Amino acid sequence: MPDRLIVSLPDDTLVAELARIDPPLPAGAVEFVEWDLAGPPPVPHVDVVVPPYMGAGSKRLQSLEGAAVRLVQSQSIGYDGVADILPAGLVFANATTVHETATAELALALILASQRGLDDFVRQAGRGEWRGGARPSLADRTVLILGYGGVGKAVEARLAPFEVARVIRVASSAREDAAGHVHAIAELPALLPEADVVVVGTPLTPATRGLVGAAELALLADDALVVNVARGPVLSTDAVLAEAGRLRFALDVTDPEPLPADHPLWSAPGVLISPHVGGNASSMAPRMARLLRRQIDHLLAGEEPENVVLRS
């Protein structure tokens with residue numbers, strides 16, 4: 001097993017966070033170098049490469065071509081498209097355990113904002129208007145969670161205090177777990193008419209691209225809310241525009257992304273948009289540092305890293 005690791009980071013943020021973790025790393029066990037993948041590696045061999053967060057991180061993975069790297073540790077949970085550009089011979093881990101809580105927080109914030117009309121109230125405040133009226137609650141509503149992984153489970157945990165009537169859990173295949181029955185995606189046509197709120201939290205894969213389209217949205221009752229905290233292409237933008245007004249949408253992710261300034265989604269009725277900030281919260285850096293520390297400990301101990309999702 002190695003007695004010293006070289007770890008590259010895109011900036012010094014994670015170094016400061018790692019220094020706060022107790023117990024500290026063994027003296028001399030790790031050397032940190034700065035590399036944002038915009039150019040060649042700063043040293044001949046890197047044990048762990050942490051790319052930049054979000055778009056730049058994926059786009060620059062081609063810089064790893066020919067590099068001697070043991071582990072690529074992403075700062076994102078999603079890894080759609082990575083297999084297409086990751087050079088051969090690399091091990092790629094995602095950031096499971098880092099973003100689930102913050103993404104679930106935003107999902108709940110989007111639900112509450114849309115249900116209680118906060119987006120309308122902000123616009124009215126800008127015009128100096130005082131307009132009340134009844135708004136739909138979250139209490140006593142049926143919420144369908146589409147994608148019952150880490151994010152979906154975190155959303156469900158946060159729904160409990162709001163006294164929802166029912167949570168419908170949907171995953172790729174049916175199963176039983178500690179929370180109860182999990183339905184299969186194939187059951188969606190029968191389940192969607194029962195939902196007042198749909199939270200989309202599936203990873204983007206060939207099977208989930210366009211998973212929620214015109215046929216699925218047509219099954220929802222008038223004024224139902226669809227929240228997307230997954231990836232934009234899971235939900236058809238054309239279908240959203242066609243149903244906006246009859247249905248409501250709260251979108252942290254869109255297709256395309258970033259959303260152009262003149263895109264019709266911005267002005268579609270009943271559509272609330274946040275700019276893909278689900279996991280980008282104050283909790284990210286310390287949780288990312290804890291994951292990186294575990295990976296360092298695994299490698300120093302001669303163990304397999306966790307969260308490995310691709311071996312190119």
Side-chain angles (χ1 to χ4, degrees), residues 5 7-21 25 30 32 34-37 46-61 63-64 69-86 90-107 147-155 157-158 200-205 208 228-232 234 252-253 257 274-299 303-312:
L5 300 179
V7 177
S8 76
L9 303 170
D11 54 48
D12 60 3
T13 302
L14 290 176
V15 175
E17 292 292 343
L18 283 163
R20 296 186 177 97
I21 297 176
L25 285 163
V30 179
F32 294 104
E34 190 166 316
W35 185 28
D36 63 2
L37 274 65
V46 183
D47 292 284
V48 183
V49 171
V50 180
Y53 182 48
M54 294 290 283
S58 293
K59 293 175 182 176
R60 295 177 185 174
L61 290 176
S63 297
L64 296 170
V69 173
R70 292 180 63 192
L71 176 67
V72 182
Q73 175 56 65
S74 173
Q75 299 192 69
S76 298
I77 296 178
Y79 54 97
D80 43 285
V82 170
D84 297 331
I85 59 175
L86 188 68
L90 295 174
V91 177
F92 184 92
N94 75 347
T96 296
T97 72
V98 173
H99 299 288
E100 291 86 343
T101 293
T103 302
E105 286 178 352
L106 184 66
Y148 198 60
V151 171
K153 291 175 181 177
V155 170
R158 284 152 184 79
V200 182
T202 63
L204 178 61
T205 68
T208 63
N228 190 4
V229 291
R231 287 291 189 266
V234 176
D252 184 50
V253 290
E257 192 173 300
S274 58
H276 200 156
V277 294
N280 199 1
S282 60
S283 59
M284 177 185 166
R287 291 177 184 232
M288 185 64 215
R290 291 197 291 271
L291 171 58
L292 180 57
R293 172 58 187 271
R294 294 198 302 274
Q295 300 289 46
I296 289 170
D297 289 342
H298 289 318
L299 295 183
E303 301 168 350
E304 284 294 304
E306 59 190 82
N307 292 358
V308 172
V309 292
L310 291 172
R311 295 180 186 272
S312 61

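None of these values were measured; they are calculated from a predicted model.
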Identify the two heavy atoms, one from [X] and one from [Y], that lie closest to each other, and give their separation to 0.1 Å.
| X | Y | answer |
| --- | --- | --- |
| Asn307 | Ala95 | ND2-C, 4.0 Å |
| Val253 | Arg231 | CG2-C, 3.5 Å |
| Pro305 | Leu71 | CB-CD2, 3.9 Å |
| Thr103 | Val151 | CG2-CG1, 3.9 Å |
| Ser8 | Val49 | OG-CA, 3.4 Å |
| Leu61 | Pro51 | CD2-CG, 4.0 Å |

Would you say [X] and [Y] make side-chain contact, with heavy atoms under 4.5 Å?
| X | Y | answer |
| --- | --- | --- |
| Glu303 | Asp297 | no |
| Val69 | Val91 | no |
| Gln75 | Val50 | yes |
| Asp252 | Val277 | yes |
| Gln295 | Glu306 | yes |
| Glu17 | Leu292 | no |
| Met288 | Gln73 | yes |

Between Asn94 and Ser74, do the side chains contain an N or O donor and an N or O acceptor separated by less than 3.5 Å?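 Side-chain D/A pair, Asn94 to Ser74: absent.
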Would you check, one step at a time, whether the test side chain to side chain contact (heavy atoms under 4.5 Å, CB included) holds for Leu25 with Phe32? CA-CA 12 Å; Leu25 285 163; Phe32 294 104; 4.1 Å; yes
First locate atom [atom1] of [X], then atom [atom2] of [Y], and finally report the distance between them rounded to the nearest 0.5 Å.
| X | Y | atom1 | atom2 | answer |
| --- | --- | --- | --- | --- |
| Arg290 | Leu14 | CZ | CG | 12.0 Å |
| Leu106 | His99 | CG | NE2 | 13.0 Å |
| Leu18 | Thr13 | CG | OG1 | 11.0 Å |
| Asp36 | Asp11 | CG | CG | 9.0 Å |
| Ser274 | Asn228 | OG | CG | 10.0 Å |
| Arg287 | Thr97 | CZ | OG1 | 8.0 Å |

Kindly determine whether Leu37 and Leu64 satisfy side chain to side chain contact (heavy atoms under 4.5 Å, CB included), including the steps that lead there. CA-CA 8 Å; Leu37 274 65; Leu64 296 170; 4.2 Å; yes
Anything under 30° is parallel, anything over 60° is perpendicular, the rest tilted; go ahead and classify Tyr79 against Phe92.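 The rings of Tyr79 and Phe92 sit tilted, inter-plane angle from 30° to 60°.
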Do any side-chain atoms of residues 278-285 form donor-acceptor pairs under 3.5 angstrom with protein atoms, and if so which ones, sequence neighbours left out?
none

Please confirm whether the backbone N or O of Val234 pairs with a side-chain atom of Thr208, one donor and one acceptor, at under 3.5 Å?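 Judged by distance alone, no pair lies under 3.5 Å.
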